[in-house]
Participant: 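Please find one structure pasted underneath; my questions will follow.
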Amino acid sequence: MISFNIPPYCGSEETYIREAIQNHKISGDGPFTKKCNAWIEEKTGTAKSLLTTSCTSALEMAALLCDIQPGDEVIMSSFTFVSTANAFVLRGAKVVFVDIRPDTMNIDERLIEAAVTDRTKVIVPVHYAGVSCEMDAIMEIARRHNLFVVEDAAQGIMASYHGKPLGAIGDFGCFSFHETKNYSMGEGGALLIQDPKQVERAEILREKGTNRSQFWRGQVDKYTWVDWGSSFLPSELNAAHLYGQLLQADEINQNRLQSWQRYHEGLLPLAQAGKIELPVIPEGCVHNGHMFYIKAKDLEERQALIRFLKENGVEAVFHYVPLHSSPAGMRFSRFHGEDHSITRESERLLRLPMYYRLDPLDQVKVIETVAAFYEKKG
Ligand SMILES: *Cc1c(COP(=O)(O)O)cnc(C)c1O
């Protein structure tokens with residue numbers, strides 16, 4: 001069976017994890033966490049990166065730092081992972097969903113402004129498959145209405161929009177280092193902070209409401225409870241695992257982009273014959289090979305294709321069930337405008353196996369199996 005995902009592995013991870021153990025520093029904010037944060041700051045140009053226990057917790061920190069109050073509204077698309085919405089729902093926000101663009105599956109920037117009310121506080125663009133949302137338009141709307149922008153860049157590390165790294169465009173950016181993402185620490189993430197004035201509050205929030213970060217830097221002479229907070233910092237063991245992979249980030253990125261390109265070339269004839277649709281990368285967007293998806297004609301054809309692939313040793317998957325039609329979505333959200341694209345496009349979407357060091361021969365098999373399905377179908 002060709003797996004849908006195999007977590008990234010470089011070979012240096014054990015060395016760094018052993019180093020953390022031998023240095024007797026396995027809790028958070030040790031040398032490996034610092035190195036990962038420095039790498040992210042360097043790579044993205046963000047003022048501050050704080051490693052977290054997940055992208056979910058980075059989103060939760062962002063919601064806290066935006067001072068979300070019960071009844072505040074947050075605009076996003078419902079074609080996303082639950083955490084994008086949950087982080088704000090936990091603070092009592094009402095989620096306002098708008099439709100997506102069918103070409104990228106990202107929020108349709110032309111629909112955002114009409115959904116803004118006097119309760120709106122945040123726009124959350126999700127960069128699906130590492131392909132950027134239309135950030136110029138989104139930042140412009142946010143400026144006009146004095147809103148925060150929190151980028152869900154869980155899939156967007158190493159990708160960019162008109163030269164700007166994803167995650168470092170809005171007020172806050174959230175990365176994921178889950179094992180399904182391009183770089184991994186098992187479970188983990190990072191919060192990217194653009195405004196230096198927010199950094200101190202973020203550090204306190206992440207360190208259980210204490211000023212321990214300032215204490216370690218010698219900026220204050222005692223360490224105490226100074227504000228609200230929780231624990232969002234990962235263990236050094238996880239950070240050490242991630243560090244090994246960040247050192248090989250370009251090699252991993254290139255490898256994924258090559259796999260993406262091979263799928264694209266191999267499946268192009270089927271797309272040209274009008275059997276399937278392939279992903280679109282708009283001008284100005286540089287993606288990171290996070291995902292390769294195709295679109296079948298409809299739900300029925302997609303399900304038949306998944307079955308056919310499985311029978312022939314290929315694991316293919318789909319996601320997301322649109323949040324606005326989920327049980328929790330019905331309680332915590334409203335949909336502004338109409339769902340022209342989210343349900344229809346998500347039902348047609350199918351993700352092919354994609355991971356670091358995916359064997360090109362396996363890709364040939366995947367491509368041939370998809371082709372065989374459509375040949376049989378006629
Ligand atoms: C993976 C993912 C998340 C959640 O990341 P975790 O690190 O597992 O919390 C959130 N949003 C999107 C779009 C994702 O793909």
Side-chain angles (χ1 to χ4, degrees), residues 4-5 7-8 33 36 40 49-64 74-90 95 97 100-101 104-107 122-133 135 138 149-159 161 166-167 169-170 172-192 206 230-235 238-239 241-242 245-246 256 279 287-293 317-324 326 328-329 333 342 345-346 349 351 354-355:
F4 167 69
N5 178 56
T33 301
C36 290
I40 293 169
S49 161
L50 295 175
L51 223 55
T52 58
T53 46
S54 62
C55 180
T56 301
S57 53
L59 287 160
E60 287 176 18
M61 283 185 70
L64 284 159
V74 178
I75 299 173
M76 64 183 70
S77 121
S78 66
F79 183 69
T80 184
F81 188 63
V82 291
S83 298
T84 321
N86 258 334
F88 296 92
V89 166
L90 276 169
V95 177
F97 292 124
I100 53 165
R101 297 164 44 142
T104 56
M105 307 299 286
N106 283 336
I107 191 166
V122 187
I123 306 170
V124 192
V126 180
H127 306 299
Y128 184 68
V131 178
S132 181
C133 296
M135 291 307 290
I138 292 171
V149 173
V150 176
E151 294 177 76
D152 182 338
Q155 305 174 12
I157 184 166
M158 296 283 282
Y161 172 77
L166 303 192
I169 303 171
F172 299 102
C174 303
F175 283 164
S176 173
F177 301 117
H178 186 259
E179 70 170 28
T180 52
K181 301 305 199 290
N182 291 20
Y183 311 93
S184 182
M185 51 199 280
E187 300 278 354
L191 177 68
L192 281 64
R206 176 167 164 277
S230 186
S231 181
F232 292 108
L233 63 167
S235 150
N238 299 70
H241 188 279
L242 178 64
Q245 304 199 344
L246 293 182
R256 294 188 79 113
H287 72 103
N288 56 7
H290 174 64
M291 189 190 299
F292 197 93
Y293 65 82
V317 304
F318 67 87
H319 72 176
Y320 305 102
V321 175
L323 296 185
H324 70 273
S326 66
S333 72
I342 295 175
E345 299 300 315
S346 66
L349 186 143
R351 303 171 66 187
M354 178 58 121
Y355 47 86

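Residue indices begin at 1 and follow the sequence shown. Indexing begins at 1, ligand by ligand and atom by atom, following the structure's order.
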Participant: Which residue and atom name correspond to the protein heavy atom nearest atom 9 (O) of ligand 1, and how close is it?
Facilitator: Thr56 OG1, 2.5 Å
Participant: Starting from atom 15 (O) of ligand 1, find the nearest protein heavy-atom neighbour and note its residue, name and distance.
Facilitator: Gln155 NE2, 2.8 Å
Participant: Has the side chain of Asn106 got a donor or acceptor atom that lies under 3.5 Å from a matching backbone atom of Arg101?
Facilitator: no
Participant: Students often mix this up, so state it plainly: with edges at 30° and 60°, are the rings of Tyr320 and Tyr128 parallel, tilted or perpendicular?
Facilitator: perpendicular
Participant: Measuring from the heavy atoms of His127, does anything fall under 4.0 Å of ligand 1?
Facilitator: no
Participant: What part of Val126 sits under 4.0 Å from ligand 1 if we count only heavy atoms: the side chain, the backbone, both or neither?
Facilitator: side chain
Participant: Say whether Phe175 and ligand 1 are in contact under the criterion: heavy-atom distance to a ligand atom below 4.0 Å.
Facilitator: no
Participant: Give the residue and atom name of whichever protein heavy atom lies nearest to atom 11 (N) of ligand 1, and the separation in Å to one decimal.
Facilitator: Asp152 OD2, 2.8 Å
Participant: Treating Asn5 as the side-chain partner and Glu179 as the backbone partner, does any N or O pair qualify as donor plus acceptor under 3.5 Å?
Facilitator: yes
Participant: Among all protein heavy atoms in this structure, tell me which lies nearest to atom 3 (C) of ligand 1, with the distance rounded to 0.1 Å.
Facilitator: Phe81 CD2, 3.6 Å
Participant: Do Ser176 and Gln155 come close enough that some side-chain heavy atom pair is under 4.5 Å?
Facilitator: no
Participant: For the backbone of Lys181 and the side chain of Ser184, can you confirm whether one donor and one acceptor N or O come within less than 3.5 Å of each other?
Facilitator: no
Participant: Starting from the C-alpha separation in whole Å, work towards a yes-or-no answer on side chain to side chain donor-acceptor pair (under 3.5 Å) for Thr180 and His178.
Facilitator: CA-CA 5 Å; Thr180 52; His178 186 259; 2.8 Å; yes
Participant: Under a 4.0 angstrom heavy-atom cut-off, which atoms of ligand 1 come close to Gly188?
Facilitator: 7 (O)
Participant: For Tyr320, take its heavy atoms, then give the atoms of ligand 1 lying under 4.0 Å from any of them.
Facilitator: 13 (C), 15 (O)
Participant: Any side-chain to backbone donor/acceptor pair from Asn238 onto Gly186? Under 3.5 Å, distance only.
Facilitator: no
Participant: I need the nearest protein heavy-atom contact for atom 2 (C) of ligand 1: residue, atom name and distance, please.
Facilitator: Lys181 NZ, 3.0 Å
Participant: Given side chains that start at C-beta, do those of Thr53 and Glu187 come closer than 4.5 Å, heavy atoms only?
Facilitator: no
Participant: Is there a heavy atom in Cys174 that sits closer than 4.0 Å to ligand 1?
Facilitator: no
Participant: Could you name the option among Ser54, Ser176, Ala154 that has the heavy atom nearest to atom 14 (C) of ligand 1?
Facilitator: Ala154
